[in-house]
Amino acid sequence: MGKETEFVKEIASKEKDFSQWYVDVVRKAELADYTPIKGCMVIKPYGYSLWENMQAGLDKRIKETGHQNAYFPLFIPESLLKREAEHVEGFAPEVAWVTQGGSQKLEERMAVRPTSEAIICSLYSKWVKSWRDLPILLNQWANIVRWEKVTRLFLRTTEFLWQEGHTVHRTAEEAEEETLKILFEVYQDFIEKELAIPVIIGRKTEKEKFAGALHTYTLEALMTDGKVLQAGTSHNLGQNFAKAFNIKYLDEDQQEKYVWQTSWGTTTRLIGALVMVHGDERGLKLPPRVAPIQVIIVPIMFDKTKKEVLEKAEEIKAILKTNFRVEIDARDEYTPGWKFNAWELKGVPLRLEIGPKDLSQGQVVLVRRDSGEKITVKEERLGETVEEWLDKIQENLRAKAKEFLEENIREVSDYNEFKVVIEEKKGLIKAYWCGKGDCEEKIKEETKASIRCIPFEPGENSGTGRCIYCGKESSTLVYFARAY
RNA sequence: CGGGGCGUAGCGCAGCUUGGUUAGCGCGCUUGGUUCGGGACCAAGAGGUCGGAGGUUCAAAUCCUCUCGCCCCGACCA
């Protein structure tokens, strides 16, 4: 590896200092940077372009499953936020308050939304009268503010971007069905297919669920440092908010009933996941489906042939542009080698080199970011080859991540072994749990590992075992890990 | 919010212990020229409220107090 790493002068070693590597990649790849405001980052054009591609993939799925976008206010009056007791208690420590408008002190202070259940439910109570008004299936793309004590680029910032869905249903079954539909058809499908990140799916424990929800489903992704990141959540709110906000409808049977609700969200945090799942010593590695630039053309410009090479590069760009996101790096002041490294750091999936030798032979050179594999392609086969290779890269990234995930799930039945594994190997541990919050808490205190989720698959694990902590007989097998 | 570390040119750092005239180095940047298939080279230049505020002193990047920010490890979270 020695010689390989010599190329990377700008970022810390992923092997030796993962945290610093992460920060370096985010900044040097120009995804984001710090700002004069504590805990708030700027998402730079390259990073924002990535986010836009991610938004498009999510938005498409959200709409395909019958939802519409809307936009609700940034501010939430304190009285509304306080309606649902568990909810306000959960968010209280991290709410930012507006107490003054201009020179006037406000009669009632307003929260800058830490999430929008309260404001949206207050409107739903106005909108819902009859069973014919249901369901309501809305999503909003918005910014959120949570006054976090410790922040990290993309992973935890004071202000962040997300989408939050808020739905209202007639029956409990319908709400549960919605919660699961979002989990699988929207989130899992998007994260695995577009981001090439495999996820572990399941239900959160009481301790870990959303404040105010009946229960929370989650998608957990494993980062290459062995810690997991919650990639998305889908909550079945039951009737908690319906009762707090008085959302009732008159049913066909002439009975007045409370509605059943869900909410669900994913955030710009997914960008952090992308970095930490696929990145390597040389920087970012972006899945082609969401990469802002899928093909970067680097012309090899000798004095005598510069003009012809550039013309050909433009011609190729024009052809590829109909199907792919492609750019030319024709900057005079950098050598090809420098450009190769720079675009690798930025994670561009495919590099296309074209020089005088290629010109004379009607070919170009293609190089994969994920494997380093290099081939020459005849010009007439370029379009199909690029398409094929982008697909292969997407699939390879997914397969690599999947392999890493599977290698790092370990079933453990002895608590001492648990401690050793979590400390030395990290990753996910599958173990039986008695269901008591006490055991969950003790394990977290002693090992820093939390229960990430209770997986769905009871079928194949219908056996029983002993709680990893107290030894009590249990049929609940759960995933533990240290998390971001 | 507790423990630790850091803050000096765009980036990475030296100088601080033991205060002293003009604050250095590498990369980057500007100009000119030669280059270009894996981070090119030569020459000449530009660039600093030493994170901020206050204090000690004839004199502060250096000593003292306060403060802001970032990173790491904990408690909290998407």
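Throughout, a chain's letter reflects where its sequence line sits, starting with A, and its residues are numbered from 1.
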If you check the [X] side chain, which of [options] turns out closest?
| X | options | value |
| --- | --- | --- |
| A:Tyr34 | B:C70, B:G38, B:C77 | B:C70 |
| A:Thr151 | B:G38, B:C70, B:G39 | B:C70 |
| A:Trp338 | B:G69, B:G39, B:G38 | B:G39 |
| A:Val150 | B:C36, B:C1, B:A40 | B:C1 |
| A:Thr335 | B:C76, B:A40, B:C36 | B:A40 |
| A:Lys28 | B:C11, B:G37, B:C70 | B:C11 |
| A:Pro356 | B:C1, B:G39, B:G37 | B:G37 |
| A:Lys448 | B:G74, B:G38, B:C29 | B:G74 |
| A:Gln20 | B:G39, B:C72, B:C71 | B:C71 |
| A:Lys357 | B:G37, B:C71, B:C70 | B:G37 |

**Asked** Does any nucleotide pair with B:G69 by Watson-Crick or G-U wobble geometry, both distances under 3.5 Å, and what is it?
**Response**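 Paired with B:G69, as far as the under-3.5 Å criterion goes, is B:C6.
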**Message:** Looking at B:G45, which nucleotide sits across from it as a Watson-Crick or G-U wobble partner, both distances under 3.5 angstrom, or is there none?
**Reply:**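 Its partner is B:C29 (Watson-Crick or G-U wobble, both distances under 3.5 Å).
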**Request:** Classify the nucleic acid contact of A:Gly372 as base, sugar-phosphate or nothing, counting any heavy atom under 4.0 Å across all strands shown.
**Result:**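 Nothing, no nucleic acid heavy atom in range.
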**Item:** Sugar-phosphate only, base, or nothing, as touched by A:Pro93 at under 4.0 Å among non-hydrogen atoms
**Value:**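 Here A:Pro93 touches no strand at all.
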**Side-chain donor-acceptor pair present, A:Gln230, A:Tyr484, cut-off under 3.5 Å** =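 No donor-acceptor contact under 3.5 Å links the two side chains.
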**Message:** Less than 3.5 Å apart, any donor N or O on the side chain of A:His67 or A:Gln163 sitting next to an acceptor on the other?
**Reply:**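 A:His67 vs A:Gln163: no donor-acceptor pair found between side chains.
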**N/O (side chain, A:Ser19) to phosphate O (OP1/OP2, B:C71) under 4.0 Å** =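 So the side chain of A:Ser19 is outside the cut-off, no N or O lying under 4.0 Å from OP1 or OP2 of B:C71.
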**Item:** N or O in side chain of A:Arg152 less than 4.0 angstrom from B:C72 OP1/OP2
**Value:**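 Indeed, a polar side-chain atom of A:Arg152 lies that close.
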**Request:** For B:C27 and B:C41, measure between their P atoms and round to the nearest Å.
**Result:**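 Pairwise P distance, B:C27 against B:C41, rounds to 9 Å.
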**Request:** Take the angle between the ring planes of A:Phe210 and A:His87 and call it parallel below 30°, perpendicular above 60°, tilted in between.
**Result:**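 Tilted, since the angle between the ring planes falls between 30° and 60°.
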**Asked** Are the side chain of A:Gln294 and the backbone N or O of A:Pro288 linked by a donor-acceptor pair below 3.5 Å?
**Response**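 Confirmed, A:Gln294 side chain pairs with A:Pro288 backbone.
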**Item:** Cation over ring face, A:Arg113 and A:Phe75, 6.0 Å, 45°
**Value:**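 No cation-pi geometry.
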